[in-house]
Structure formats: structure tokens, C-alpha cells
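Worksheet: one structure, shown below.
So that the names make sense, note that chain A is the first sequence line, chain B the second, and so on, each numbered from 1. These numbers come from the heavy atoms of this one structure, side chains and all, not from hydrogens, waters or symmetry mates.
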Number of protein chains: 2
Amino acid sequence: MGKLTREAVVEQALEIGDAEGLAAVTIRRLAQELGVTPMALYWHFKNKEQLTVGMADHLIEGFVIEGGYAGPWQEGLRELVAGLVRVLRRHPCAADVLDAVDHIEVPAFLQVWDTALGLAKRGGFSRDESCMISQYLLSGAVALAAGPGRHSPPGFSEQEAAERTRLKRLRLQSLPPDVYPHIVEMAVPLSEGSAPDLYDTFGVDLLMAGIEALSARSGGH
Amino acid sequence: MGKLTREAVVEQALEIGDAEGLAAVTIRRLAQELGVTPMALYWHFKNKEQLTVGMADHLIEGFVIEGGYAGPWQEGLRELVAGLVRVLRRHPCAADVLDAVDHIEVPAFLQVWDTALGLAKRGGFSRDESCMISQYLLSGAVALAAGPGRHSPPGFSEQEAAERTRLKRLRLQSLPPDVYPHIVEMAVPLSEGSAPDLYDTFGVDLLMAGIEALSARSGGH
DNA sequence: ACCTGAACACCGTTCAAGT
DNA sequence: ACCTGAACACCGTTCAAGT
């Protein structure tokens with residue numbers, strides 16, 4: 001019925017990836033789920049890599065605030081990073097998708113990157129510094145989205161998630177305390193990962209504090 | 001002749017991964033290279049995941065300075081992060097290996113983590129903060145090792161590497177300048193990625209500046 | 001333009017069997 | 001203890017062919 005379209009394929013792929021992990025997103029599995037032959041997908045995508053690029057693009061698409069970022073550059077960068085993390089957090093597999101893909105191939109990611117570059121330049125950083133800062137912030141955002149506080153897949157219940165952190169805690173607590181004293185001692189906070197919101201806020205603060213400190217040091221405004 | 005040993009397998013795996021990428025590291029390919037049947041590897045490793053864990057462990061093994069880190073905690077953390085980046089940079093596939101693996105399974109990584117946790121606590125951070133800071137620094141180090149300045153695989157020549165950055169530059173320059181103005185303008189520094197040493201130094205500075213700023217803000221020493 | 005059928009060259013892994 | 005042979009259930013992708 002519903003004709004096979006690029007968008008439908010990508011959305012189905014994200015659904016599988018969110019529920020069962022990116023490894024479960026397979027051309028054949030995807031085709032089966034869409035009621036179609038595996039080779040049908042090759043009409044819409046050159047290969048699996050391009051499919052993954054499509055997934056990444058769909059994740060970020062429409063995120064960049066069009067008019068925005070008119071205030072101080074620090075606020076702009078902070079909002080950009082926090083927003084990117086927030087968008088990625090909506091899909092459990094988002095961070096994995098972005099890790100699996102060359103960012104340069106993803107238009108929506110390039111747009112975020114371009115905005116970050118512009119803000120860094122407004123911060124008075126040199127060209128080289130602006131490049132490094134934008135890369136640092138964006139890979140930092142992806143790492144934050146991949147970190148603890150990641151949404152458990154819709155398929156999995158709260159219980160399932162709680163069980164996983166319990167197993168992680170047990171694993172940490174069963175380590176030899178003489179060789180990993182601090183890890184064993186902190187098994188609880190390490191496995192629970194504190195409140196997810198707090199983690200994100202702290203992470204963004206950390207990223208931005210580094211930028212601002214370097215900005216002050218090198219005399220940027 | 002040389003009997004098949006865990007270590008020999010891991011080293012061969014790293015050799016393939018460095019030369020042709022982690023995707024080329026395959027049970028069957030590995031067995032072939034070692035002059036053995038694929039199933040022979042299953043005597044030494046439960047499955048491919050454990051093989052990858054072995055690779056990660058071998059990469060970091062013996063890195064943590066035993067006596068060290070007696071000075072101020074900032075110096076200790078900086079040295080730890082810089083050292084980790086340096087060690088990972090010795091193998092082109094190192095960052096990919098660490099991305100593919102649950103760090104909790106890698107003893108050598110846990111040791112680095114434990115050291116980082118101890119240093120963070122000495123810095124006066126709370127338990128939760130210490131957890132987040134250590135995770136932030138270690139994932140930051142891996143991200144740095146994965147970033148530009150990565151060693152080109154031994155198999156590839158200098159020319160080959162130069163050709164790749166040339167292609168990347170062309171790709172960036174051919175983007176529509178009205179939608180990605182800053183990226184197109186900065187195509188050269190973005191593709192070249194500045195001197196690799198400078199990139200690492202800047203990256204570590206950035207990571208540490210964030211930590212120190214937060215430390216000062218919350219009143220840690 | 002859009003999809004199918006058949007085939008190719010791969011994977012990881014299990015299980016019984018050899019030495 | 002350490003390795004092999006045969007088999008299973010998967011992969012991504014190509015290419016000719018259908019409508």
C-alpha cells in the first residue's frame with residue numbers, strides 16, 4: 001500500500017535501531033519489516049552506508065534554530081550544544097548512528113557545524129582555534145548523548161533498565177578492591193550515573209567552561 | 001610453528017585493524033592470517049566481542065605509571081589524559097577498538113579509570129562530580145585519539161594520506177556557500193586539521209580548562 | 001521508474017569429532 | 001588441552017529481468 005519511500009525506510013530503520021540496537025538494522029531485516037524484497041532498498045539508497053547517513057540526517061533534521069543565536073556567542077554555543085544533546089536523546093540509537101557515519105556526509109550535521117563555527121569566530125578565536133573548538137563541542141555533544149542517562153529502548157521496561165544498572169553495579173563491586181579501590185568504592189554512583197538531566201547539564205557546563213577559560217586566556221571577548 | 005596463543009591472536013588482530021581498519025578484523029580472516037582454522041580461535045576467546053576486549057586491553061596495557069601522580073591533582077589528570085591519548089595514537093585503529101567495546105570489560109582501562117577517580121577526589125570534587133569528571137576526561141581522550149592527526153595506516157603512504165585530505169577539502173569547498181558559509185570559508189583548516197601535536201595539546205588544554213574552572217567555581221582546591 | 005529472483009562471496013558460531 | 005570438519009543461519013551486494 002504505502003509506497004516505499006526514502007523517508008519511510010529511514011524511519012523504519014530508526015525504529016528497529018531504537019528498539020533492538022543499531023546492529024539489528026540490516027538490509028534484509030529492514031526489507032522484511034517493510035514487506036518488500038531486500039533489493040528494493042537499493043533503488044532508494046546506493047548502499048547501507050548511505051542508508052545510515054540518511055538515518056543520521058533524519059535525526060538532526062530541522063534542529064538548527066533559524067533566526068536564533070543573536071545573543072552573546074557563549075549563550076549561542078551553549079544553546080546549540082544543549083539542543084543537539086536534547087535532540088539526540090530522543091532516539092536511543094542516535095549516538096551510535098552518528099558514530100557509524102562520516103559527519104561530513106550528513107547535511108543536517110554540517111548545518112549545526114557551520115553555526116558552531118560562526119559562533120566560535122564571533123568569540124574572537126582564530127581560524128584554527130574555531131575549527132578545533134567546533135569539532136570539540138560537537139563530538140562532545142555526541143559523547144554526552146551516548147553517555148549514561150540514555151533512554152532505554154521503548155521495547156524495554158523500566159524494570160529492564162533497572163536490572164541492567166544492577167548488573168553493572170554488581171560487576172563493579174565484584175572487582176578486586178586492591179587494584180581498583182576507587183571504582184569499587186564508587187560502584188553505586190558509577191553504575192547509576194546520577195540523574196540524567198543533571199548529567200547533561202554538568203556535561204554542557206564542563207564543555208563550555210573549557211571554551212570560556214581558553215577564550216579569557218587568549219584575550220578573546 | 002609458533003603455537004597459537006591469546007597474545008599472538010590479539011597482536012595479529014591489531015596489525016590487521018591498523019592496516020585495513022577494524023572492519024577487516026574478522027574471525028575467518030584472522031585465522032587465515034595465523035595459518036589456522038577459524039574455530040581454533042574459539043578455544044582462546046569465547047566470541048568475537050571478547051577478542052575485541054582483548055585488543056583494547058592490549059592497547060592500554062602497562063600504561064598507568066605505577067608510582068606517579070604524586071604532585072598536584074591537576075597535573076596528574078593532565079598527564080593521565082595526555083598519556084592515554086599518546087598511547088592510543090600509536091595504533092590507528094585504537095580509537096575504533098575502544099568505541100566498539102564496553103570499557104567496563106577492559107582491565108587496563110579500568111585501571112586508568114581508577115587512577116582518574118582518585119585524582120578527581122583529591123581535587124575536592126564530590127562523589128558524583130568525580131564520577132562524571134573521570135568519564136568525561138576518558139571519553140574525551142578517546143575522542144581526541146579518534147580525531148584528526150590520527151596516524152595513517154602503515155600500509156598507506158604519505159601520499160595516500162595527503163590525497164585523502166585533498167579530497168576532503170574539495171568536498172567541503174564544493175558545498176553550497178549560501179547554506180554553509182563558514183564551512184566553505186574554512187575548508188582548508190578544517191580538512192588539514194592543523195599540526196597533530198598542536199591539536200592534541202589544544203584538546204587536552206580544553207578538557208582540563210573545563211575541569212579547573214568548575215573546580216574553582218565550586219570551591220575545590 | 002520501481003521492484004523481484006537468483007546468485008555470489010562473505011560473516012559468526014555450534015557441535016561433534018579428532019589428536 | 002588444543003584444534004579440525006561440516007553445517008547453520010545469517011550478512012551486503014550485483015546483475016539481469018520483470019512491470
Side-chain angles (χ1 to χ4, degrees), chain A residues 1-58 93 96-102 105-106 153 155, chain B residues 1-58 93 96-102 105-106 153 155:
Chain A
M1 288 296 98
K3 324 170 335 270
L4 194 62
T5 168
R6 262 186 76 99
E7 209 188 8
V9 174
V10 162
E11 277 165 6
Q12 183 64 251
L14 284 173
E15 201 160 310
I16 298 174
D18 284 339
E20 304 175 37
L22 189 55
V25 177
T26 252
I27 297 281
R28 296 173 115 102
R29 165 74 187 280
L30 204 42
Q32 175 194 328
E33 218 80 36
L34 292 161
V36 98
T37 246
M39 297 62 109
L41 302 186
Y42 283 90
W43 177 258
H44 300 273
F45 299 91
K46 184 170 157 273
N47 51 33
K48 198 189 175 183
E49 189 188 339
Q50 287 308 307
L51 198 229
T52 317
V53 167
M55 293 171 74
D57 199 50
H58 192 81
C93 73
D96 292 330
V97 169
L98 277 168
D99 275 339
V101 142
D102 191 355
E105 302 287 337
V106 184
Chain B
M1 289 303 97
K3 324 172 331 274
L4 194 62
T5 168
R6 264 186 75 98
E7 208 188 9
V9 174
V10 162
E11 276 165 8
Q12 183 64 251
L14 284 173
E15 201 160 309
I16 297 174
D18 284 340
E20 303 175 39
L22 189 54
V25 177
T26 252
I27 297 280
R28 296 172 114 103
R29 166 75 187 280
L30 203 42
Q32 176 194 327
E33 218 81 37
L34 292 161
V36 98
T37 247
M39 298 62 108
L41 303 185
Y42 283 91
W43 177 259
H44 300 273
F45 299 91
K46 183 171 157 274
N47 50 35
K48 199 189 175 184
E49 190 190 338
Q50 287 308 307
L51 198 229
T52 317
V53 167
M55 292 171 75
D57 198 50
H58 193 80
C93 73
D96 291 330
V97 170
L98 277 168
D99 275 339
V101 142
D102 191 356
E105 302 287 338
V106 184

> Sub-3.5 Å donor-acceptor pair from the side chain of B:N47 to the main-chain atoms of B:Q50, do we have one?
Replying inline: yes
>> Given D:dT14, C:dC11, D:dT4, identify the nucleotide with an atom nearest to the side chain of B:T37.
In response: D:dT4
> Does some side-chain heavy atom of B:L41 sit less than 4.5 Å from a side-chain heavy atom of B:L34?
Replying inline: yes
>> Between A:R29 and A:V25, does the side chain to side chain contact (heavy atoms under 4.5 Å, CB included) criterion hold? Intermediate values first, please.
In response: CA-CA 7 Å; A:R29 165 74 187 280; A:V25 177; over 6 Å; no
> How do A:P38 and B:P38 order along DNA chain C: which one's closest nucleotide is nearer the 5' end?
Replying inline: A:P38
>> If you define the side chain from C-beta out and look only at heavy atoms, does anything of A:F45 sit under 4.5 Å from A:V53?
In response: no
> Think A:T26 has a side-chain N or O under 4.0 angstrom from the OP1 or OP2 of D:dG12?
Replying inline: yes
> Considering only side-chain heavy atoms of B:L4, which listed nucleotide, D:dC3, C:dC3, D:dT13, is closest?
Replying inline: D:dC3
>> Can you give me the dot-bracket string for DNA chain C, 5' to 3', counting Watson-Crick and G-U wobble pairs with both distances under 3.5 Å, using [ ] for crossing pairs and | for partners on another strand?
In response: ||.|||||...|||||.||
>> Between P on C:dC10 and CD on B:E20, what's the gap in Å once rounded to a whole number?
In response: 13 Å
>> Rounding to an integer number of Å, can you tell me how far B:E49 CD sits from C:dG12 P?
In response: 13 Å
>> Using whole Å, what does the distance between atom C1' of nucleotide D:dA1 and atom NZ of B:K3 come to?
In response: 12 Å
>> Using a 3.5 Å distance criterion without hydrogens, assess whether the side chain of A:R28 forms a donor-acceptor pair with backbone atoms of A:P38.
In response: no
> Closest heavy-atom contact between B:V10 and B:L51?
Replying inline: CG2-CD2, 4.3 Å
> Would you say C:dC3 has OP1 or OP2 under 4.0 Å from some side-chain N or O of A:H44?
Replying inline: yes
>> If I take atom NZ in residue A:K46 and atom P in nucleotide C:dC2, what distance separates them, rounded to the nearest angstrom?
In response: 19 Å
> What is the distance from CG of A:L34 to P of C:dC3, rounded to the nearest Å?
Replying inline: 11 Å
> Can any side-chain N or O of B:D18 pair as donor or acceptor with the backbone N or O of B:C93 at less than 3.5 Å?
Replying inline: yes
> Among D:dT13, C:dG12, C:dC3, which is the nearest nucleotide to the side chain of A:V36?
Replying inline: C:dC3
>> Given C:dA7, C:dC3, C:dC11, identify the nucleotide with an atom nearest to the side chain of A:R28.
In response: C:dA7
> When you measure from the side chain of A:I27, which nucleotide among C:dG12, D:dT4, D:dT13 comes out closest?
Replying inline: D:dT13
> Rounding to a whole Å, what distance do you find between B:N47:CG and D:dA9:P?
Replying inline: 20 Å
> Hey, which of these two, A:W43 or A:M39, hits DNA chain C nearer its 5' end, going by closest nucleotide?
Replying inline: A:W43
> Between atom CD in B:Q32 and atom C1' in C:dC11, what is the gap in whole Å?
Replying inline: 14 Å
>> What is the separation between atom CG on B:L30 and atom C1' on D:dC3, rounded to the nearest whole Å?
In response: 15 Å
